[in-house]
Each structure stands twice: as C-alpha cells, then as structure tokens.
Amino acid sequence: MISNAARRAPAHATAPSLEVGVAHDFKNLLFVITAHCQRLIQTLDPEDIRRRDVEAIAVAADRAVALTRQVLEHGRAVAPPVRSIDLNLLLGELQGLLHGLAGERVRLAWSLTEDLWPLRVNQTQLEQIVVNLVANARDAMPDGGQLTISTENRVTNEGRTREWVVLTMRDTGIGMPPDVQARMFDPYYTTKGADGTGVGLATVKAIVQASGGRIEVESASGAGTAISVVLPRDATVLVMPPPASTEANALRRERPARPRVLLVDDEPAVRDLLAHCLELEGYEAVVAATGQEAIDLIGRHTGALDALVTDVNLPDFPGQVVAAEMLRRSPGIGVVLISGSSEGVSRDACPSAPLLMKPFSLADFKRAIASAVGDRHVL
C-alpha cells in the first residue's frame, strides 16, 4: 500500500475546474470515436464507399477536440498557437467533412492555385473560417446549387508591397440585397429565423481581423454570393510532415518477445481500446482502473513490466504518483503519460516521458510505446 505522502499531488497542482473536467470527459469520448474510426479505416478497402464516411466522422471528431481545446484556452486568456499552414493541404484534409456539411444538393467545385504561399495562423481558427463559410453558402442554396472553393496568391501595393493568400467561396444561391449585406457580419444578426444564430459570420470576421486580414464580399439578390478571405502570407519556411510511409515502416518493426505493458486508465472504453491496440501490436497488456490498483500490480510484477502507460487524471490520485512508484521499483523503465487536459500535469517524476493529449492518433500511441519498450527489448 502506498503512503499518503506519496499520493499527494505536486504542490503547484490545483484542482481542475468544472469546465476542465467536462472537457476531459468529452475528449475521452471523442478519443474512443476517433480511435475506432482509425481502426476501421485500416480495415476498409480504399475503394469502399463506407471508408469516406468513416474518414469524415474521424475528421469531424478531431476538429471538435481542437475546438474544445481552443475554447478552454480562450477562457484562460491563452494566446492561440500559430504555425505555418498550407491552405490547399488543409482543404484536402477537410474535404470529406465539407462534402458532408454541404449536403447532397450542393456540389463542391475546387479551383486551387498551385504553389500557394503558406499562412501563419491558428489552424483551428482557419478551420472555423472554412466550416462557417461552407455552412453559410449551403444555407444560401436551399434548392441546391454549386459552391466553388478557390485559392490564390495576391500581391498589392498599398504604400508598400504586400503579399496575401486568398480563400474564396462562391455560391449560386439567393444572394443578398444591400441592407442584408451591410449587416451580415453583425453578431447575432440572422435572416434564418429560429434556425440561425448570427454567430458564424461574426466569428469569421473576428478571426480574420485578429489575423491581420480582411474580407471581401460580392453579392446581389438572385445572383449568388462570393466571400473572399484575404490573409497575409507567412514568409517563413513551411515545414511539411514526414511521409506516411516513413511512419508506417517505423511501426512495423519485428518484436522478438511479448513485452508487458501496464496500462492505467479509469475510462473503460479508453482502457479496453488501448489494451486491444497493445495486443494487436504484440504486447501483453496488464490493465488497471485506479492508481491504487496500478500500485498493487507494480508490486506483484516488479521486474516483469517493460513499460507504463498511465492517465494523468485518475480517480484516487495523480498518474504521476503511479509513474514515480514504477520508477522507484524499476529505474529506467519507459513511461508514457496520457491526458485529456494539460492543467495540473506535473512531469517532475518522469520529465522525459512523452505526454499524449487525447484524442491522440493510434500511430502516435504505437510509436510512443515502441520507444518506451525499446530500452528493455531490442526491436
């Protein structure tokens, strides 16, 4: 039995707020959705029409988690992270989601400029812009129509040369008279009655202005609408992700034995999913639902465990306490921390341990486990 002193959370840790607790539970649920989607995608043939539906579900769930994280950051007055983004690449990733959002009566057409300049913005906010504009165009075409999504580079001379990246959404809908166009970005202004909130376009305007850009609108009653989002180019180098094949090859290394991994998570769906993933990868999963149960298992399996995966937010005491006890009994063992919230996370006991934020990809999980076990099993 572990002592009460050892159970105490770090002095600087504070009890999570209700908002953080709800976000943690919400992201646990979304992680189960996205992880199962990833498993289904791996088993479906690329030509299977069901694969596109599953991919759209996975993308939507990923975006929901990113949006939840941004809401929490806004509540804590945390500046949203920015990075270089290829807008064309992002639109490609969102394609399945946008087709579902547009509906069967709206046809999406694409006109994307090659060699598009990068943007330096918050990715979640850029996705909000795209999703809100597609939803607005869909609502402007109640009888169906075409939405053309285009990108282009633009150079202006407004006292000095400026370089911009332009995203344009052009629909064949009902258009807007001048009085509606004048108020279209006003918060809570809507022409959709009870079905509208008046928040979507106001959000778009706020994000664009905060990013140093502007919005251009062309519309007339019965003649459709074109909305262009003009954002400044990022002059820094765009860093592209590694090819998928490199990641896949890294995860297919042969394992000569069945390393034993202690998995600790109080959410049954998450625990069962990750345990199954470990088994499929050739590991033996030893599972626990609470910190005390994990400590008891560590005592019974001292010297026979090869890695620890523990949720940070356990019902009885922090997962870092479990990690500290594991390292006390087996110095140098690999530890992986997982969490749905970054608040209250101390890594004092294992500063080099990776922290996977839910909902992480199964590929990231497999890579972290392979690295954690690597010190004890040559892979």
Side-chain angles (χ1 to χ4, degrees), residues 1-14 250-267 270-271 273-358 360-379:
M1 188 74 72
I2 192 168
S3 68
N4 290 330
R7 292 184 187 181
R8 276 198 292 267
H12 61 273
T14 58
L251 297 174
R252 290 175 183 153
R253 294 174 290 181
E254 293 292 332
R255 295 183 177 89
R258 274 174 55 85
R260 184 176 292 171
V261 178
L262 175 58
L263 170 65
V264 192
D265 199 296
D266 61 307
E267 177 62 44
V270 173
R271 188 172 63 249
L273 175 66
L274 294 181
H276 186 58
C277 178
L278 287 171
E279 295 288 344
L280 289 176
E281 289 298 301
Y283 301 102
E284 179 184 348
V286 180
V287 300
T290 67
Q292 186 58 61
E293 185 179 346
I295 295 296
D296 293 341
L297 286 171
I298 291 172
R300 292 203 299 270
H301 294 280
T302 297
L305 294 170
D306 298 290
L308 167 69
V309 180
T310 180
D311 193 359
V312 170
N313 301 291
L314 297 174
D316 45 1
F317 48 82
Q320 300 94 309
V321 175
V322 177
E325 182 67 9
M326 171 69 90
L327 290 169
R328 186 182 71 82
R329 292 174 180 261
S330 300
I333 197 169
V335 175
V336 178
L337 301 176
I338 59 178
S339 179
S341 171
S342 59
E343 285 199 1
V345 176
S346 168
R347 301 165 79 171
D348 294 343
C350 42
S352 62
L355 174 63
L356 299 181
M357 299 300 299
K358 299 174 184 174
F360 45 82
S361 70
L362 292 183
D364 286 343
F365 177 68
K366 294 172 188 176
R367 184 166 50 245
I369 295 300
S371 177
V373 173
D375 293 337
R376 296 195 160 218
H377 285 254
V378 178
L379 303 182

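Atoms considered below: every heavy atom in the structure, side chains included; atoms not considered: hydrogens, waters and symmetry mates.
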Legend entry - By side-chain hydrogen bond (donor to acceptor under 3.5 Å, both in side chains) - contacts of Glu293 (at least two apart): none

Distance check, rounded to the nearest 0.5 Å: [X] atom [atom1] versus [Y] atom [atom2]?
{"X": "Leu337", "Y": "Met357", "atom1": "CG", "atom2": "CE", "answer": "10.5 Å"}
{"X": "Leu273", "Y": "Phe365", "atom1": "CG", "atom2": "CZ", "answer": "8.5 Å"}
{"X": "Asn313", "Y": "Gln320", "atom1": "CG", "atom2": "CD", "answer": "8.0 Å"}
{"X": "Leu262", "Y": "Thr310", "atom1": "CG", "atom2": "OG1", "answer": "7.5 Å"}
{"X": "Asp306", "Y": "Ile333", "atom1": "CG", "atom2": "CD1", "answer": "6.5 Å"}
{"X": "Leu308", "Y": "Leu297", "atom1": "CG", "atom2": "CG", "answer": "11.0 Å"}

Inset, instruction - Without swapping roles, check the side chain of Asp316 against the backbone of Thr290 for a donor-acceptor pair under 3.5 Å. - result: no

Legend entry - Heavy-atom donor-acceptor pair, Arg271 side chain to Asp265 backbone, under 3.5 Å: yes

Ignoring hydrogens, what is the shortest heavy-atom contact between [X] and [Y]? Give both atom names and the distance.
{"X": "Ala368", "Y": "Leu356", "value": "CB-CD1, 4.2 Å"}
{"X": "Lys366", "Y": "Cys277", "value": "CE-SG, 3.8 Å"}
{"X": "Leu314", "Y": "Gly319", "value": "CD1-CA, 3.8 Å"}
{"X": "Ala307", "Y": "Ala372", "value": "CB-CB, 4.1 Å"}
{"X": "Val286", "Y": "Leu305", "value": "CG2-CD2, 4.4 Å"}
{"X": "Val335", "Y": "Ala353", "value": "O-CB, 3.3 Å"}

Does the side chain of [Y] come within less than 4.5 Å of [X]'s, by heavy atoms?
{"X": "Gln292", "Y": "Asp296", "value": "yes"}
{"X": "Val261", "Y": "Val336", "value": "no"}
{"X": "Ile369", "Y": "Glu281", "value": "no"}

Inset, instruction - Go through Met326 and Val322 one step at a time and tell me if the side-chain contact (heavy atoms from CB on, under 4.5 Å) criterion holds. - result: CA-CA 6 Å; Met326 171 69 90; Val322 177; 5.5 Å; no

Inset, instruction - Kindly indicate, with the supporting measurements, whether the criterion side-chain contact (heavy atoms from CB on, under 4.5 Å) is fulfilled by Leu263 and Tyr283. - result: CA-CA 11 Å; Leu263 170 65; Tyr283 301 102; over 6 Å; no

Legend entry - side-chain contact (heavy atoms from CB on, under 4.5 Å) involving Arg328 - partner list, sequence neighbours excluded: Glu325

Legend entry - Candidate pair Ile338 and Leu274, rule side-chain contact (heavy atoms from CB on, under 4.5 Å), full reasoning: CA-CA 11 Å; Ile338 59 178; Leu274 294 181; 4.1 Å; yes

